[in-house]
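What follows is a short report on a single structure.
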Amino acid sequence: MAVFDTPQEAFGALRPACVQLTRAQTMENVARLQAHLAAVSASALQELQEYVLFPLRFALKVPGPKQERLVQSVVQCISSVLAATCVKKQDLLQELFSELCTCLSPPSSSSNPVPLSEELKLAVIQALHTLMHSAYGDVIWSLYQPSALPLLGFAVSLLLGLAEQEKAKQIKISALKCLQVLVLQCDCQEHRHLDEDEAQQCGDLFASFLPGISITLSRVITGDIKQGHKSTVSAIRLFYLIVGLVMADAQLARIAKNKEKLPVEESRISELMVHRGPDWSKSTAEKLSLLLRKMVEFSSVHPHWKVRLELMELVHHLLRNCSQSLVDSFSHLLKALVGLVNDENSEVQSRCKEVLQGIAEQRIVAQNRALADVLSENLHSLATALPRLMNSLDDTGKVSTLSLLLGYLKLLGPKINIVLNSISHLHRLSKALMQVLELDVTDVKIVEDRRCEGVCGPSGSLQHGAQKGRCQKKYFRFFTEEKIFQLLQQVCRVLGYYGNLYLLVDHFMGLYGESGMYRKQAAMVLNELIAGAAGVGVDVLQEREVSLNVDDLKGSIMSILDEYTDQANWYLITSIDTEEISHEHSVQHSGLTARPGGACSSVLLPSPEPHITTRTMNSNIWQICIQLEGVGCFAAVLGKEFRLLLLSALYPVLEKAGDKTLLISETALGTLVDICKACSYDSLQCLINENSDYLVNGISLNLRQLAHQPHASQVLDTMLRHSDASLLPLVEDVIQDVLSALDQSYNNQASTFLRVLHSVMTALVRWFESSCGEEHQQRQTPEWWSGTLSQGQQVVTRQEVEQFFLDYVRQKQIAEGNLPDTGDEEADEVLPLAEPEPNNSDTEGETPLPSHAQLAKDVMERCIHLLSDGNLRVRLKVLDVLELCVTALHPHGNHLLPMAHRVWPALVTRLISDDPLAVLRAFKVLCTLAQKCGDFLRQRFSKDVLPKLTSSLLSQAPASARAGPVYNHTLAFKLQLAVLQGLGSLCEKLDMGESDLNKVADACLIYLSAKQPMKLQEAAQSVFLHLMHVDPDSTWLLLNEVCCPHQYEPPHISLRPVKLSGMGRQRNEFTDNVLLLLEKLQQQESVMQQESVMPQAGTQEASPP
Amino acid sequence: MALPPPDPQFVLRGTSAAVHTLHFSCGGQEPDVPTLFSGSENGFIHVWNLKTHRVNTELDGHGRKSVYCVETIGSKNRLLSQGRDQRICLWDLAEGRTSVTDSVFTENVGFCRCSLLKVAQGRWLVAMAAKALEEVQVLELPSKTSVCTLKPEVGAKLGMPMCLKLWQLNCGSQPLLLAGYEDGSVVLWNLSMGKVLSQLVCHQEPVMSLDFDSEKAKGISGSSEKVLSIWSLNEQQNLQVYKTHKLVNAGISDITIRPDKKILATAGWDHRIRIFGWKKLKPLAVLNYHTATVHCVSFSDHKNPSERLLAAGSKDHRISIWSIYTQT
């Protein structure tokens, strides 16, 4: 299609159509004109604008009823003209505006107007829209003169009517858009920005429409959801734009007090104009507040996210422009805004955060006292309602309530102190936190879980414990979700970040001391406050005004630490273990302070409760844990500065690390790891070693107080557990203190000290294990060597049989007193045995005992006294310690043997006449002792103990043979088993004589019976296996006496046939076990035979000439 | 009812030898940490930081021979120490230095602690046992010029000087010296004339330690017997026995009157520290902590009375720090 670029050509093309349209206003003619218009260029059309518009306007103005469709096409045509051209004349603009508006209004004459078609309405609205856009800069301004107010008002009311009442979404939206253009707030970029004066003028003008617009829009916004989100969004936008314009703080500030007089001719108009004085703005704000509240309530829960997003924009816009004029509305607006922080839609969420950030950055709240008041008022009411809400809402509800609280605090930012300075606010807030954070203390397991002593290794248990301690979950009464706890944590941290730390710490310390009910929560809050104050893990919108003074922080931390570690708050009853309770009570009663810091404080002693429930104990455990966590948190906050506080803080934490309650000890370990990290120690061991002076000091001072002795021993225990041999020189001194303290109180504190001694000895054995082990092997080697040598001789060759008999004869002669002259052979035999002995004893006798062995010796000394303690538990513990002492002292035979000599009488008493439990334990000690001392004990053993053991084995045998499966769980069984299991190796170690071996064999033989419990049979077998090592021949004979599977043919006829009593016997209860043993003996012999060839060559090389 | 005796506030360990002498320096302002100097048998002087309770520096200047006297000269950066190597060393400790700036060879083989007195700005007198058995020599510091040598009259048979105390009534007046001798007598010397002003036999055994309160003109001395002797000085400069106090266990190795002259502390061979009221010698407390002879007691010079401390050094290698009667 040809395009007419010049006005002349265009005129030529358009003229016929225009003329025709003027003559007859028909659809066809309009359509033709429209078609021609399409072919005309914009510049050409601009020249012909009025010419073209004339017939169209004429068509509209023709009196009488018109066809709706005609009007519609005319209007469409007008708008296409306007879209391509600019309106440059004020008159034209106003006329067109009013003509178009008229199209919308039903003819006033008819009483019941026929509703216009929707298409027409849409066309007119669009035409108006286009008109507004085509109006030239200043030209459009003519519409916004006071004189044009009626016209404008007319258009506004028409459009509002459409927006409210129309059903069609399209019309609604278009009407709202058009209105937006009309109030000069169009979204598109083309418009000139209003300068201040113009804006002011518009504001004055639109103030007249404000009531109408706002009410209608609020109706639209709160209307049926079915209308679709778009119209709601548009309505919200229009609402905040117009309100933001009319109620802008900047404009209202410039309004003169009194209405200025307008010239007389405009007086009618001026009646329509509104004077935005203070009275007006106040009353308007009140009305708007009502509307806003309704809108916010409705749209903040609107299902469509775009509506919520737009709501946020509304808050943002109004907050930015009208924070003073609409201050009363902000309680609702901010609530909505803050509430949307956790919207399910991520876009809303992020925008909300942006908006909040923006508000904070612009310091809108910080600079506006009134707004801060609003916020604090909101906060107050929320805090008041919080406990109730937390009780009744579901988890999502709780989350949103708490995010609201958090949002208020964040928005308040540095203004938080306004809230905190008001007693009632602080009171409400803190009480709310106290109630919400209430822990659930009904879990019995926490009280039941005890630390298992000595099971897990030092390093392993640390890692494990630290991890467990860290992730120890708290159970709250009012909520279960972790997210809620995190929100509460944030609430406290934000408080700490902005708030006056002294005030807060003071207040919550007050609550801490006020009642046991609040103590745990208050401690939790205090911990978080400090973290927040240091800016750790706190998420805020704006920086605080004054950065934190480290000295202040340190001061607060020190006062909290003092309170936490105060006796009344640190030594709580956490178990019903009788011995512990008595200690704890004595602590509370004593009222004497002996703390590492030494600062004496008057203690408010809680009256000792007569009846302690699990609940109380659980609660106490949690309180200690929270306090421990606090210490860890303080360390993290202070970093290396915390090193100075270790003087007073480390001791109590270690004390708790040695606590028997699993949860406490694990939490304390976690705290220790935190401290390590904060103070940059490489490991827990470093921490302990480098601060051992503080700890040792604490231990030694506390040992002086009877009531604190258990704690001191716990600390020492923990130190030993988590450190290595390098600690020994540092604590040696204090271990001596422990020993001397023990010496002074054998009666009542023995069990406490035994625990320490036990851990000391365990540590010593662990640390010096390698040295013990080496020496052990050195000692063992020659024995084993000589053993194989002697056994090697047993290999039956003809010469050796001959030699054997010769030896036998000679021995017999010696035994009978006929001493032969000393030969070479004897010297040969003695030498290899004698050689290692002097070496050992000589060197040991001269060198002073290493400190650890000296300690072991000292401890062993105490054990001798305590072995006969009246309390069974003490005796059992002593036996354990004794065993460890023996192990530790083992490499130093010269010291061990005298000690063993001294221990012996007491030990024998335990073995012979004591509770079976003690006998069992004592027998174990005996086995260890035998292993370490060897034949030193032979005589005593065979004289003092063996008869008793064998007789008890014999007497018990019938009982166990008869017994059922339950017998396996009885003490008697365990005792039998232990004796049988230990007896074999005892015999071997002690190198027992023949008669004793026979006694043992006799006693054990009955246990080979198939009637005995399986375990006992196995144990008895083990005895015989050991006996085979010591004396294979006699064992063989003994077994064959019972049962002999083979016939032995003598190798020569001159020898008598072998006759063994076991031959040819019927199969009986012993047969199976005996055969098994004989088979093993056979194997052993054959292995020995094979080996005997090789090692003999080897021994010749190894043995010195 | 009387309160039970307190525990030490803290115990300092780590000298790894018997502690023979202690000296506080706590008068400084805030950034200055309170310090305690200790001299021990292995010849080391330890500088303790009383905030961290740890050794700041270790000074080794007496050839591993026992150090039995440590004093500060003016500030805590200048230190005087006396050891069994027969030397008195002067230390410069400013800015972390640990050097001996000067030393005096006393040639005395005993263990009599020297006594220091400030006589003017930058001028000190130090009295010490001299080479000859019965003599006391007084030097001026820092010039080390000899002021006088105090020789007892021939035939006095006082024996070796065991303890010395230089004092003056008030600033600018004549400095005097109180000396306790091996035969149990306390002698007041006039320094300028080098003459005995007064002599008083207080003990049957050697005088181990004495302290003197110039305000009340009263002094106290302890020996290896079971008696504390309090004596006074009248206007005619005559020493008179004022009172004696019986002890349960024999042997006092050190006596110190607190700077405020209200109480005094004794270091006993019976491992105990005893506290008495100075006015009437009323026994106030027996501090029981050490497990061996206590060698020395010292009161701190904190500006704030409530912070003041008592320290005691013992043969058991430990130094116990006590906070006692700070309220009175």
Whether A:Asn697 side chain and B:Val11 backbone form a donor-acceptor pair below 3.5 Å:
yes
Just by distance, do the side chain of B:Tyr289 and the backbone of A:Leu701 share a donor-acceptor pair under 3.5 Å?
no
Over 12 foreign heavy atoms within 6.0 Å of NZ, B:Lys76
yes
Nearest-0.5 Å distance that lies between atom CG in B:Asn288 and atom CZ in A:Arg704:
6.5 Å
About how many Å separate OG of A:Ser700 and CZ of B:Arg318, when rounded to the nearest 0.5 Å?
5.5 Å
Which one of A:Leu730, A:Leu646, A:Leu644, A:Val696 has the most heavy-atom pairs closer than 4.5 Å to chain B?
A:Val696
B:Lys279, NZ: over 12 other non-hydrogen atoms inside 6.0 angstrom
no
For the residue pair B:Arg54 and A:Glu690, what are the closest heavy atoms and their distance?
NH2-O, 3.2 Å
Drop me the distance from A:Asp693's CG to B:Thr52's OG1, to the nearest 0.5 angstrom.
8.5 Å
Side chain, backbone, both or neither: which part of B:Asn49 has a heavy atom under 4.5 Å from chain A?
neither
Honestly, the part of A:Asn691 sitting under 4.5 Å from a heavy atom of chain B is both
Report the distance from atom CG of B:Asp7 to atom CG of A:Asn702, rounding to the nearest 0.5 Å.
8.5 Å
